[in-house]
K.L.:
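The following block contains the structure, expressed as structure tokens.
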Amino acid sequence: VREFTGEVIESMTIFDTLLASSRGSNLKIEYEQKGRSVNLLSVDGRSSQPKIKLNDRSIPINMISQTLISRGDIIEIELP
């Protein structure tokens, strides 16, 4: 289990938080970005798609770059 905390800025998405969490840590994120769409290739060296929840609500992986977060939100990522 990993826990990251940090500042939430305006218009920050779940994907933005993944990138911010990977900076300065050993969490590795590989992705392809096409416009507003993001395709996660691997998270922490695992190429299977993770399950992502925002405040206990499942978020489709193709929506992480469009789903905004707010202060106090809890993002859970389950790696296969």
Side-chain angles (χ1 to χ4, degrees):
V1 174
R2 296 175 191 240
E3 184 175 318
F4 300 95
T5 59
E7 181 181 0
V8 174
I9 59 173
E10 188 175 336
S11 301
M12 192 170 205
T13 66
I14 292 174
F15 179 67
D16 294 330
T17 62
L18 281 175
L19 290 181
S21 296
S22 70
R23 294 183 189 114
S25 75
N26 62 352
L27 181 67
K28 187 174 180 184
I29 307 288
E30 293 183 34
Y31 63 94
E32 292 177 330
Q33 190 165 6
K34 295 179 182 176
R36 292 183 53 180
S37 179
V38 171
N39 180 29
L40 284 180
L41 301 175
S42 71
V43 176
D44 220 14
R46 300 176 190 187
S47 59
S48 297
Q49 295 293 312
K51 293 180 183 176
I52 297 181
K53 290 184 178 182
L54 176 63
N55 300 323
D56 289 325
R57 188 185 63 162
S58 292
I59 302 295
I61 199 74
N62 64 333
M63 294 300 295
I64 64 171
S65 64
Q66 299 169 36
T67 304
L68 299 177
I69 63 164
S70 301
R71 176 181 283 194
D73 282 346
I74 297 173
I75 300 167
E76 296 176 60
I77 300 172
E78 181 182 325
L79 299 175

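Remember, predicted model here, so these are calculated numbers, not experimental data.
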K.L.:
If I take atom NZ from residue K51 and atom OG from residue S58, how far apart are they, to the nearest 0.5 angstrom?
P.N.:
8.0 Å
K.L.:
Identify, with sequence neighbours excluded, every residue that meets side chain to side chain contact (heavy atoms under 4.5 Å, CB included) alongside N39.
P.N.:
E32, L41, Q49
K.L.:
In Å and rounded to the nearest 0.5 Å, what is the CZ to CD1 distance from R57 to I52?
P.N.:
12.5 Å
K.L.:
Please set out all donor-acceptor pairs under 3.5 angstrom arising from side-chain atoms of residues 64-75, sequence neighbours excluded.
P.N.:
{"unit_1": "S65", "atom_1": "OG", "unit_2": "R36", "atom_2": "O", "d": "2.4"}
{"unit_1": "T67", "atom_1": "OG1", "unit_2": "M63", "atom_2": "O", "d": "2.7"}
{"unit_1": "D73", "atom_1": "OD1", "unit_2": "N55", "atom_2": "ND2", "d": "2.9"}
{"unit_1": "D73", "atom_1": "OD2", "unit_2": "S70", "atom_2": "N", "d": "2.6"}

K.L.:
Taking the side chain as every heavy atom from C-beta outward, state whether P50 and E78 have any atom pair closer than 4.5 Å.
P.N.:
no
K.L.:
Side chains of Y31 and L19: does their closest heavy-atom pair fall under 4.5 Å?
P.N.:
yes
K.L.:
Do I61 and V38 touch side chain to side chain, with heavy atoms closer than 4.5 Å?
P.N.:
no
K.L.:
In this structure, are over 12 heavy atoms from other groups packed under 6.0 Å from Q33 atom CD?
P.N.:
yes
K.L.:
Hey, could you give me the CD1/CD1 distance between I77 and I59, rounded to the nearest 0.5 Å?
P.N.:
11.5 Å
K.L.:
Calculate, to the nearest 0.5 Å, the distance between atoms CG and CD belonging to D44 and E30 respectively.
P.N.:
10.5 Å
K.L.:
A side-chain contact here means heavy atoms from C-beta on lying under 4.5 Å apart; do I9 and D16 qualify?
P.N.:
no
